[in-house]
**Student:** 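Questions regarding the structure given below will be posed in turn.
Letters A, B, ... mirror the listed sequences (proteins, then strands); counts begin at 1.
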Amino acid sequence: MTFLSYLINGISLGSVYAIIALGYTMVYGIAKMLNFAHGDVIMVGAYVSFYATSLYGLPTWASVLVAAIVCTVLGVTIERLAYKPLRTAPSLAVLITAIGVSYFLQNAAQLAFGSSPIVFPSAVKFEGIRLFDGQLVISGITIVTVLACIVIMIALTLFINKTKMGRAMRAVSEDKGAAQLMGVNVNSTISMTFAIGSALAAIAGVLLCSAYPTLQPTTGSMPGIKAFTAAVFGGIGSIPGAMIGGLLLGVIQILGSAYISTQLSDAVVFAVLIVVLLVKPTGLMGKKMNEKV
Amino acid sequence: MAMLEVKDINVYYGMIHAIQGASFEVNEGDIVALIGANGAGKTTILHTVTGLLQAKSGSITFEGKDITRMPAHKIVTHGMSHVPEGRRIFSQLSVYENLLMGAYTRKDKGEVAASFDMVYERFPRLKERRNQMAGTLSGGEQQMLAMGRALMSKPKILLLDEPSMGLSPLFVSEVFKIIEEISAQGVTVLLVEQNAKKALAIANRAYVLETGKIVKSGDSHELMNDPSIKAAYLGE
């Protein structure tokens with residue numbers, strides 16, 4: 001029974017990683033860049049939702065909506081100001097810029113919100129359910145997180161596969177030049193991708209802080225790296241890959257800390273990543289790399 | 001006035017002066033061939049015309065509109081369609097989705113449906129394989145798809161970059177036959193080819209490009225009988 005409860009916790013944490021990893025993987029798929037500031041957008045989303053509730057008394061759903069809107073604007077602005085001028089620059093320059101943006105967000109948050117951690121009140125008031133005479137408790141936030149993850153996954157898959165904009169995104173991800181020749185505005189497609197990824201990051205931020213209720217300017221950084229790992233694990237650029245990678249990572253981390261060692265749980269996570277990449281360098285669901293010669 | 005007028009364009013790749021003051025025109029209804037050896041700058045010229053590259057100086061006018069600085073995704077809405085070198089179909093999209101991408105800028109559903117019928121009629125293979133991933137098509141079928149995709153935007157002018165490259169001789173003849181048919185339906189064609197013999201055979205006029213400069217131009221039958229062209233491009 002304890003195993004089952006660990007597993008459920010792992011799936012819940014993994015769902016958060018998966019939602020964050022979607023942002024990483026979509027941006028990589030479309031813009032071919034690693035947006036290392038993505039994790040810090042999560043933190044901004046959590047702060048916005050916290051203050052929307054505590055200062056303005058907004059209901060939870062409204063504060064999540066506000067956070068999603070603020071993060072969408074933030075994500076698109078970051079892309080415009082920091083990454084767009086580097087569209088033709090070497091990828092190393094873009095990578096370093098992304099790390100710079102990450103530090104900028106963390107320090108700006110320190111200035112704006114202070115560096116001391118705040119206690120984040122759970123966005124989910126529902127107590128959860130007890131099964132097997134109270135031996136297994138599934139908390140409300142766990143249920144909401146997993147459901148949110150499922151809904152997001154289905155919505156995103158439909159969007160990418162069934163809509164005109166989604167088709168254009170897939171075309172851009174494969175061949176920017178050819179997509180332009182079809183009449184696709186590549187810049188607005190990239191903006192759209194950042195907008196979706198950042199809105200998801202805001203939702204992930206609220207879910208994460210509801211489950212692990214400490215919020216500080218560096219809150220997003222570790223989950224960001226974990227989610228990046230999840231995206232690579234599943235095959236970066238692949239949406240189902242991000243999902244599976246996120247879930248597996250969450251489960252491995254929780255089981256690792258339960259049965260191996262709490263201190264070593266992160267090491268276990270990254271060790272598994274190394275093994276996967278040794279066996280399958282493109283990740284679990286990764287496409288074959290078709291680098292053009 | 002010519003439908004497409006390219007005047008004295010200069011294009012650079014970093015420090016390399018790839019196109020050095022090239023000028024040419026394409027009249028409505030014509031098939032114009034741009035021939036030249038590998039690396040002469042043919043593809044660069046097409047990319048500059050359709051906006052994938054920017055000319056440093058000079059001007060490009062299409063139907064009286066200056067399109068020199070217009071981004072590629074806008075140019076296609078004015079009726080110019082480009083079949084790029086190496087086909088560049090979207091291999092992870094189905095054949096049907098590739099064709100839909102070709103009609104990306106068109107709003108009228110009924111007209112798009114008519115274009116689907118027209119493309120499927122011209123390329124029955126594409127209809128048979130419409131639900132297949134485009135990457136699984138053979139090279140010849142991919143060329144058909146690239147051409148069909150370009151026709152989905154209902155272009156007034158079609159720019160074709162090496163449509164015969166890498167195809168079996170049977171398919172090469174088929175491709176040139178299709179180009180003639182497309183032209184007969186009133187679409188103007190600018191054709192870039194290394195296969196000078198075939199290109200000159202179907203073109204009205206032609207330009208010869210050598211290391212970024214246009215060195216000869218004229219009626220394609222005259223060029224075919226020009227001794228220096230024969231020696232350099234027709235292997236006679």
Side-chain angles (χ1 to χ4, degrees), chain A residues 25-26 28-32 84-85 87-90 93 157-193 235-242 282-283 285-293, chain B residues 13-14 43 46-54 70-94 96-107 109 112 133-135 142 145-155 158-161:
Chain A
T25 220
M26 283 179 72
Y28 181 82
I30 305 287
K32 298 286 177 282
K84 194 180 167 194
R87 202 62 41 90
T88 53
T157 306
L158 288 177
F159 172 75
I160 293 287
N161 289 319
K162 300 286 175 208
T163 68
K164 188 175 176 182
M165 187 74 209
R167 195 160 51 241
M169 283 177 150
R170 281 183 289 146
V172 170
S173 123
E174 199 173 324
D175 188 334
K176 279 198 190 66
Q180 272 173 292
L181 290 178
M182 304 298 114
V184 178
N185 184 339
V186 169
N187 282 329
S188 48
T189 309
I190 291 176
S191 292
M192 185 74 182
T193 312
I236 193 141
S238 154
I239 287 177
T282 53
M285 311 274 290
K287 293 178 194 122
K288 260 209 324 259
M289 296 287 180
N290 299 316
E291 288 292 328
K292 290 221 180 65
V293 197
Chain B
Y13 286 113
T43 296
L46 284 200
H47 280 198
T48 311
V49 171
T50 42
L52 288 178
L53 286 172
Q54 291 288 323
M70 198 182 274
H73 68 268
K74 288 266 164 57
I75 290 178
V76 61
T77 63
H78 290 276
M80 183 184 287
S81 203
H82 180 170
V83 182
E85 183 181 7
R87 311 182 260 278
R88 291 171 71 171
I89 51 145
F90 303 111
S91 61
Q92 309 286 330
L93 270 62
S94 70
Y96 171 74
E97 287 178 317
N98 266 274
L99 294 175
L100 263 184
M101 283 307 298
Y104 186 78
T105 58
R106 296 175 66 190
K107 303 271 181 278
K109 285 217 166 88
V112 172
M133 284 295 126
Q142 290 190 8
L145 178 57
M147 290 167 79
R149 185 179 67 173
L151 290 174
M152 288 298 294
S153 70
K154 215 176 181 189
L158 189 64
L159 279 59
L160 294 147
D161 196 348

**Student:** Please report the closest heavy-atom contact between A/M182 and B/Y104, naming both atoms and the distance.
**Tutor:** O-CB, 3.4 Å
**Student:** Name the region of B/I75, side chain, backbone, both or neither, that has any atom closer than 4.5 Å to a heavy atom of chain A.
**Tutor:** neither
**Student:** Is it true that atom NZ of A/K164 has more than 12 heavy atoms of other residues, nucleotides or ligands lying nearer than 6.0 Å?
**Tutor:** yes
**Student:** Using side-chain heavy atoms (C-beta onward) and a distance below 4.5 Å, is A/E174 in contact with B/S91?
**Tutor:**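 Side chain of A/E174 against side chain of B/S91, heavy atoms only: contact under 4.5 Å found.
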**Student:** For B/S153, which atoms come within 4.5 Å of any heavy atom of chain A: side chain, backbone, both, or neither?
**Tutor:**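 B/S153 has no heavy atom closer than 4.5 Å to chain A.
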**Student:** Would you name the heavy atoms of A/L181 and B/P84 that are closest together and state the gap between them?
**Tutor:** CD1-CG, 4.0 Å
**Student:** When A/R170 is tested against each of B/Q92, B/M101, B/E97 for side-chain contact (heavy atoms from CB on, under 4.5 Å), which residue passes?
**Tutor:** B/E97
**Student:** Can you measure from NZ (A/K176) to CG (B/L52) and round to the nearest 0.5 angstrom?
**Tutor:**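 A/K176 NZ to B/L52 CG: 12.5 Å, rounded to 0.5 Å.
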